[in-house]
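Right, one structure below, let's go through it.
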Amino acid sequence: MSQSYRKPGTIMIDTMAHIKSNQRVEDHRNLEDWSFYANETAGEEYYEMPIDMRFNSGHILSIMVYTTLMVFSATGNITVLSILAQRKVRASSRINIMLAHLAIADLLVTFLMMPLEIGWAYTVRWTAGDLMCRVMAFFRTFGLYLSSFILICISVDRYFAVLKPLKVHEHRAVLMITAAWVMSGLCSLPQSLIFHLEVHPNITGYYQCVTYHFFEEEIYHIIYNLMVMCLMYTFPLVVILYCYGSIYYEIFSRTNPRNLESFRRSSIDVLGRAKRKTLRMTITIVIVFVVCWTPYYVMSLWYWLDKESAKNVDQRIQKGLFLFASTNSCMNPVVYGIYNVRKKHTKNHLKLQDKSCGSHLTMKV
């Protein structure tokens, strides 16, 4: 029965009991049922809104963390772009072009998603209208999708460069990058349909950008979230693991003592260094991607599959996990910059390596 048809005394008792039991909730976009919350006035007495609908410590945490992430991410990605821009266009390799697009993707997260989260945490309620709710919902995921898909492009490009150097097509990089941008847009488009402006049924003037009332059944919402997780996390992780695992296995097999008879001593040394470097880079890439995203998606899976037990986890922890996932945009320029963005004085050294054992064995992977 709707609260609007119940006795005022019952409404006040139930409302105050629910508010009291939910003082730990600090995420204004995770209200399970708005109808629990009564109007700001009941009779002639004033009742304070629950903590999850007011500016609180959770919002302060979001503002502080996102501001810090913005500074680090902007600094790292702009530095990578500036280094790549200093090089001649003709000298730009496929990996450099992809690194530039990865930096652009992370800058989209930095300058679109992060400021949105900061502003939203500050205002708590949504004040920009329905159109901006849908537009910003689109861009909240677009940069994240693009970053993940560009990581796939880099992995696949390195896979062909090392394992199938004769099949490297000059337009493959452009096609993959174009596909990454198009797929990111298509995958983000449902966000602008699902998210919409809702007015609180009881609190006058309280608007929020939410997904309520879009899915007829909760199971459809869970299926959609699982699809997002597979596209943004599971599929990229599988591709990264397969590509870099194959690359390392190829280098390892070529440095196996049984296969060294046809190589000169200098070639063996170069292959050994390539093997160690590839191993370090592979481990670093996988660890960074897994550490940044896995805790958040583990928590999300728990919430989707067993909501009642997941609700016992403090909302500040859940918010912290999503904040931590956003650090991937800060780590990408560090990881890929260290292993791929070279200073000018190292180019001659790389050319000598190419001559000693073949470019397909010493490319920047």
Side-chain angles (χ1 to χ4, degrees), residues 66 68-85 87 92-118 135-158 172-192 228-240 243-244 281 284-286 288-293 296-297 322-341 364:
Y66 275 120
T68 303
L69 291 178
M70 276 188 64
V71 174
F72 279 96
S73 181
T75 302
N77 287 290
I78 291 176
T79 300
V80 170
L81 278 180
S82 64
I83 293 175
L84 294 174
R87 300 176 177 180
S92 296
S93 63
R94 294 187 310 278
I95 187 66
N96 288 339
I97 294 173
M98 291 182 180
L99 286 174
H101 281 269
L102 178 63
I104 292 171
D106 290 332
L107 286 175
L108 289 177
V109 175
T110 304
F111 292 120
L112 287 178
M113 190 200 82
M114 293 183 183
L116 167 66
E117 296 294 336
I118 293 172
V135 170
M136 295 312 295
F138 173 88
F139 284 108
R140 283 184 76 203
T141 58
F142 180 78
L144 297 174
Y145 273 121
L146 183 58
S147 180
S148 295
F149 292 161
I150 294 296
L151 292 181
I152 292 177
C153 294
I154 294 175
S155 302
V156 173
D157 180 74
R158 297 300 87 196
R172 178 181 286 123
V174 175
L175 293 175
M176 289 194 299
I177 292 172
T178 302
W181 280 85
V182 172
M183 288 301 299
S184 299
L186 292 177
C187 292
S188 301
L189 189 60
Q191 290 286 107
S192 61
V228 171
M229 183 188 73
C230 290
L231 289 170
M232 191 179 292
Y233 169 74
T234 307
F235 178 61
L237 180 60
V238 170
V239 174
I240 290 171
C243 289
Y244 283 106
M281 183 178 178
T284 304
I285 291 170
V286 174
V288 167
F289 192 83
V290 169
V291 169
C292 288
W293 281 107
Y296 168 70
Y297 277 116
F322 183 73
L323 292 172
F324 191 72
S326 300
T327 60
N328 194 54
S329 295
C330 302
M331 295 303 298
N332 282 336
V334 176
V335 174
Y336 287 87
I338 288 175
Y339 288 101
N340 293 283
V341 178
K364 301 185 287 289

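In this text, all values refer to a predicted model and were calculated from it rather than measured experimentally. Residue numbers run from 1 in the order of the sequence given.
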Check whether any side-chain heavy atom of [X] lies under 4.5 Å from a side-chain heavy atom of [Y], and answer yes or no.
X: Val80; Y: Pro333; value: yes
X: Tyr244; Y: Val286; value: no
X: Tyr233; Y: Ser148; value: no
X: Cys330; Y: Val334; value: no

[atom2] on [Y] to [atom1] on [X], rounded to 0.5 Å:
X: Met113; Y: Met70; atom1: CE; atom2: CE; answer: 10.5 Å
X: Ser155; Y: Leu151; atom1: OG; atom2: CG; answer: 6.5 Å
X: Ile150; Y: Ser184; atom1: CD1; atom2: OG; answer: 7.0 Å
X: Thr141; Y: Leu112; atom1: OG1; atom2: CG; answer: 11.0 Å
X: Tyr66; Y: Glu117; atom1: OH; atom2: CD; answer: 4.0 Å
X: Met176; Y: Asp157; atom1: CE; atom2: CG; answer: 5.0 Å

Can I get a per-line list of side-chain donor-acceptor pairs under 3.5 Å for residues 97-110, giving both atom names and the distance, sequence neighbours left out?
from   : atom 1 : to     : atom 2 : distance (Å)
His101 : ND1    : Trp181 : NE1    : 3.1
Asp106 : OD1    : Ser147 : OG     : 3.0
Asp106 : OD1    : Ser329 : OG     : 3.4
Asp106 : OD1    : Asn332 : ND2    : 3.4
Asp106 : OD2    : Asn332 : ND2    : 3.2
Thr110 : OG1    : Ser73  : OG     : 2.5
Thr110 : OG1    : Asp106 : O      : 2.7

Please name all residues satisfying side chain to side chain contact (heavy atoms under 4.5 Å, CB included) with [X], sequence neighbours left out, ordered by chain then number.
X: Leu175; answer: none
X: Leu231; answer: Tyr145, Cys187
X: Thr327; answer: Leu69, Cys292, Phe324
X: Thr75; answer: Val71, Thr79

Please lay out, stage by stage, how Gln191 and Met136 fare under the test side chain to side chain contact (heavy atoms under 4.5 Å, CB included). CA-CA 9 Å; Gln191 290 286 107; Met136 295 312 295; over 6 Å; no
Using the test side-chain hydrogen bond (donor to acceptor under 3.5 Å, both in side chains), find all partners of [X] that sit at least two apart in sequence or belong to another chain.
X: Ser326; answer: none
X: Ser192; answer: none
X: Tyr297; answer: none

Output all residues satisfying ring-ring contact (aromatic ring centres under 6.0 Å, His included) with Tyr296, sequence neighbours left out; order by chain, then residue number. Phe322
Residues passing the ring-ring contact (aromatic ring centres under 6.0 Å, His included) test with Phe138, sequence neighbours excluded, are Phe142
Step by step, work out the side chain to side chain contact (heavy atoms under 4.5 Å, CB included) result for Phe139 and Ser188. CA-CA 7 Å; Phe139 284 108; Ser188 301; over 6 Å; no
Give the minimum heavy-atom separation between Pro236 and Cys230, together with the two atoms involved. CD-O, 3.9 Å
Counting heavy atoms not belonging to Phe111, are there more than 12 under 6.0 Å from its CZ? yes
